[in-house]
Amino acid sequence: MKNRTLTFSIFRYNPATPEIKPHMQSYQLDETTGMTVFVALNRIREEQDPSLMFDFVCRAAICGSCAMLINGKPRLACKTLTRDYGSKITLMPLPVFKLIGDLSVDTGTWFRHLSIKTRAWIHTNKEFDPKALEERMDNATALEIYEPERCIECGCCIAGCATANIREDFLGAAGLNRVARFMVDPRDHRTEQEYFEVVGSDEGVFGCYGLMACDDNCPTQLPLQWQLAFVRRKMAVAGLKR
Amino acid sequence: MLDTGISPQRSIGRNPRMDLYLDLAQLISGFLLVGFLWTHMVFVATIIIGVNTFNSLAQFLDDYYLSYVGIPFIGLVALIHVIVVCRRIPNRYQDYWRHARTIMHFDTWTWIFQVVTALGIAFLAGIHVFLVIMGWPIEADTSAARMHAFWWFYLVLLILGEYHAGFGIYRQFVKWGWIKRKTIGFALKSITVIIVALGLAALWVFVQLGGALR
């Protein structure tokens with residue numbers, strides 16, 4: 001295979017220097033075997049422009065830091081091979097989230113807000129007994145909980161979601177997937193009605209248009225359509241009961 | 001008491017179940033309209049079998065007052081559907097447009113055309129119902145004359161209607177159901193192709209008849 005020269009068109013803006021308006025900047029780079037966008041960005045920063053800002057930690061699609069719009073689609077830079085693309089690749093920061101600079105966005109604040117809003121922890125009236133044996137859970141339930149727990153909070157589903165792009169208060173697939181996880185957890189003692197108060201509105205599950213950009217763009221292939229439909233059915237039943 | 005994050009301020013002055021009711025109204029009215037549309041197209045397609053079959057079906061619906069109940073009922077359902085779905089249109093449509101152009105995602109595009117086709121249907125179907133009622137009762141020769149003169153009008157309405165119905169019902173299955181998107185998509189595409197083919201065939205027969213009657 002002949003080595004290609006790739007052109008990266010990258011969004012540049014640093015809030016610390018607001019006099020320089022947001023713009024696209026081009027960088028050229030020789031493609032190497034098995035190159036990912038993450039590798040390319042590191043080489044650009046090392047060899048061409050040390051001021052380029054982007055996030056990464058694990059480079060193995062586990063930490064969810066390097067999510068960005070690659071040719072418009074939300075992707076993890078570390079999981080995206082340049083050979084799957086043409087010689088011109090456009091990189092933009094994820095929308096919805098607060099921009100830190102260039103390709104770096106603050107997903108942490110958004111997800112923390114989500115955790116607080118959905119009260120994403122086990123709610124129980126049981127007194128904790130440190131000496132007692134842990135209660136057993138059947139395998140099927142455990143799997144149902146651990147599947148949505150695979151979410152790495154990269155923000156791709158939020159960036160791809162039309163509703164989340166239009167209305168700020170929408171919980172999005174990541175939020176509803178999180179709630180779904182607690183709904184099946186037998187240790188959580190919240191009632192259907194209490195869940196309904198949190199997600200039974202247009203801010204929650206009924207705000208979903210069903211466009212499934214979340215499902216199509218999830219880097220960990222979470223069954224988001226299944227999760228959203230599950231929450232929707234559950235909340236419809238809860239809402240109609242009373 | 002468990003702290004569940006429910007804000008007490010929001011509990012007064014607003015029905016907390018309103019978003020659910022609106023969503024269900026959209027679902028149910030949509031399903032009724034799709035059911036109506038498909039039945040309607042099958043009824044219209046009886047012209048392919050023969051003029052007499054078409055006329056006797058129209059006569060039957062008229063004799064048993066099914067038309068007189070059905071038309072106002074479907075009109076009411078359509079009105080509810082319009083009122084309820086309007087809430088889905090973004091306040092700033094540019095936001096949606098920009099988003100769609102950025103992520104280039106198929107289902108996100110189809111939704112834009114869902115709005116466009118909705119506007120088209122509201123306008124064209126209104127004219128269609130008006131013309132049919134003005135020319136009451138429904139008979140093959142008056143229908144044929146209409147189709148012959150305005151075949152392009154009916155061609156556009158057929159395509160808009162089927163697009164809107166097909167993708168609308170697809171999205172409802174995706175949102176509520178447990179059927180794989182590919183499976184339901186294939187099933188609905190197949191039904192849509194059959195209905196469009198029936199519609200086109202009926203339109204063709206009508207245009208031929210209309211020509212013969214002149």
Side-chain angles (χ1 to χ4, degrees), chain A residues 69 71-74 90 92 95-96 115-121 123-125 159-167 188-191 193-198 200-217 225-226 228-230 232-233 235-240 242, chain B residues 1-8 10-11 14-24 26-27 85 87-112 114-115 167-182 184-185:
Chain A
L69 296 184
N71 283 357
K73 293 183 187 297
T90 309
M92 297 279 288
V96 184
S115 291
I116 294 168
K117 202 164 160 186
T118 57
R119 297 295 202 260
W121 53 85
H123 288 60
T124 180
N125 286 320
C161 173
T163 316
N165 273 268
I166 291 167
R167 48 182 304 169
D188 194 292
H189 295 158
R190 273 177 280 187
T191 63
Q193 299 303 329
E194 284 167 325
Y195 280 119
F196 188 87
E197 300 269 354
V198 181
S201 65
D202 277 356
E203 283 172 33
V205 75
F206 299 122
C208 169
Y209 284 38
L211 307 180
M212 293 298 121
C214 53
D215 195 89
D216 290 334
N217 288 310
Q225 184 209 338
W226 256 234
L228 289 166
F230 166 72
R232 186 180 278 263
R233 291 195 300 267
M235 288 302 95
V237 171
L240 291 175
R242 218 169 65 174
Chain B
M1 198 187 138
L2 297 175
D3 175 19
T4 48
I6 301 159
S7 83
R10 288 192 50 193
S11 57
R14 182 180 171 279
N15 186 341
R17 276 175 284 284
M18 193 42 86
D19 291 340
L20 165 66
Y21 293 154
L22 289 174
D23 206 63
L24 287 174
Q26 178 182 351
L27 169 76
V85 295
R87 81 193 195 287
R88 289 288 191 221
I89 299 173
N91 294 345
R92 284 165 41 83
Y93 64 88
Q94 311 93 294
D95 290 347
Y96 192 96
W97 179 248
R98 195 176 331 113
H99 172 70
R101 273 190 24 199
T102 307
I103 72 160
M104 290 306 222
H105 173 248
F106 185 75
D107 283 19
T108 305
W109 277 121
T110 61
W111 194 83
I112 288 190
Q114 197 73 1
V115 179
F167 277 108
I169 204 168
Y170 161 76
R171 221 165 272 116
Q172 291 297 345
F173 272 109
V174 165
K175 283 198 285 191
W176 291 93
W178 43 86
I179 309 168
K180 279 194 177 148
R181 282 159 70 198
K182 277 228 172 100
I184 194 67

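Letters go in sequence order (proteins before strands), and every chain restarts at 1.
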Options B:Val174, B:Thr110, B:Ile103, B:Leu20, ranked by heavy-atom pairs under 4.5 Å with chain A, top entry: B:Leu20
Out of A:Asp202, A:Asn71, A:Asn165, A:Ile166, which one racks up the most heavy-atom pairs below 4.5 Å with chain B? A:Asp202
Name the region of B:Ile112, side chain, backbone, both or neither, that has any atom closer than 4.5 Å to a heavy atom of chain A. neither
Determine whether a donor-acceptor pair (N or O, by modelled atom type, separation under 3.5 Å) exists between the side chain of B:Lys175 and the backbone of A:Gly210. no
Below 4.5 Å, heavy-atom pairs only: which of A:Leu240, A:Asp216, A:Thr163 has the largest tally toward chain B? A:Asp216
If I measure from the heavy atoms of chain A, does B:Leu22 come under 4.5 Å with its side chain, its backbone, both, or neither? neither
Rounded to the nearest 0.5 Å, what separates atom CH2 in A:Trp121 from atom OG in A:Ser115? 8.0 Å
For chain B, which candidate among A:Tyr209, A:Trp226, A:Phe206 shows the most heavy-atom pairs at distances under 4.5 Å? A:Tyr209
Using heavy-atom distances under 4.5 Å, tell me whether A:Phe196 contacts chain B through its side chain, its backbone, both, or neither. side chain
Quick check on the interface: out of B:Met104, B:Arg171, B:Arg88, who has the most heavy-atom pairs with chain A under 4.5 Å? B:Arg88
What's the separation between atom NE2 in A:His123 and atom NE2 in A:His189, rounded to the nearest 0.5 Å? 12.0 Å
So, do B:Trp111 and B:Phe167 have ring centers that fall under 6.0 Å from each other? no
Looking only at B:Asp107, B:Leu24, B:Asn91, the option with the highest number of non-hydrogen pairs under 4.5 Å against chain A is B:Asp107
Heavy-atom distance under 4.5 Å to chain B: side chain of A:Ala159, backbone, both or neither? backbone
Is there a ring-ring contact (aromatic ring centres under 6.0 Å, His included) between B:His99 and B:Trp97? Walk through the geometry before answering. CA-CA 5 Å; B:His99 172 70; B:Trp97 179 248; over 10 Å; no
Got a salt bridge between A:Arg232 and B:Asp23, using NZ or NE/NH1/NH2 to carboxylate O under 4.0 Å? yes
At a heavy-atom separation under 4.5 Å, does A:Met235 approach chain B through its side chain, its backbone, both, or neither? backbone
Any side-chain heavy-atom pair of B:Val115 and B:Tyr96 under 4.5 Å: no
Counterpart residues, salt bridge (Lys or Arg N to Asp or Glu O under 4.0 Å), relative to B:Arg98 (two or more places apart): B:Asp95
Between B:Phe173, B:Trp178, B:Phe106, B:Tyr170, which residue shows the highest count of heavy-atom pairs closer than 4.5 Å to chain A? B:Trp178
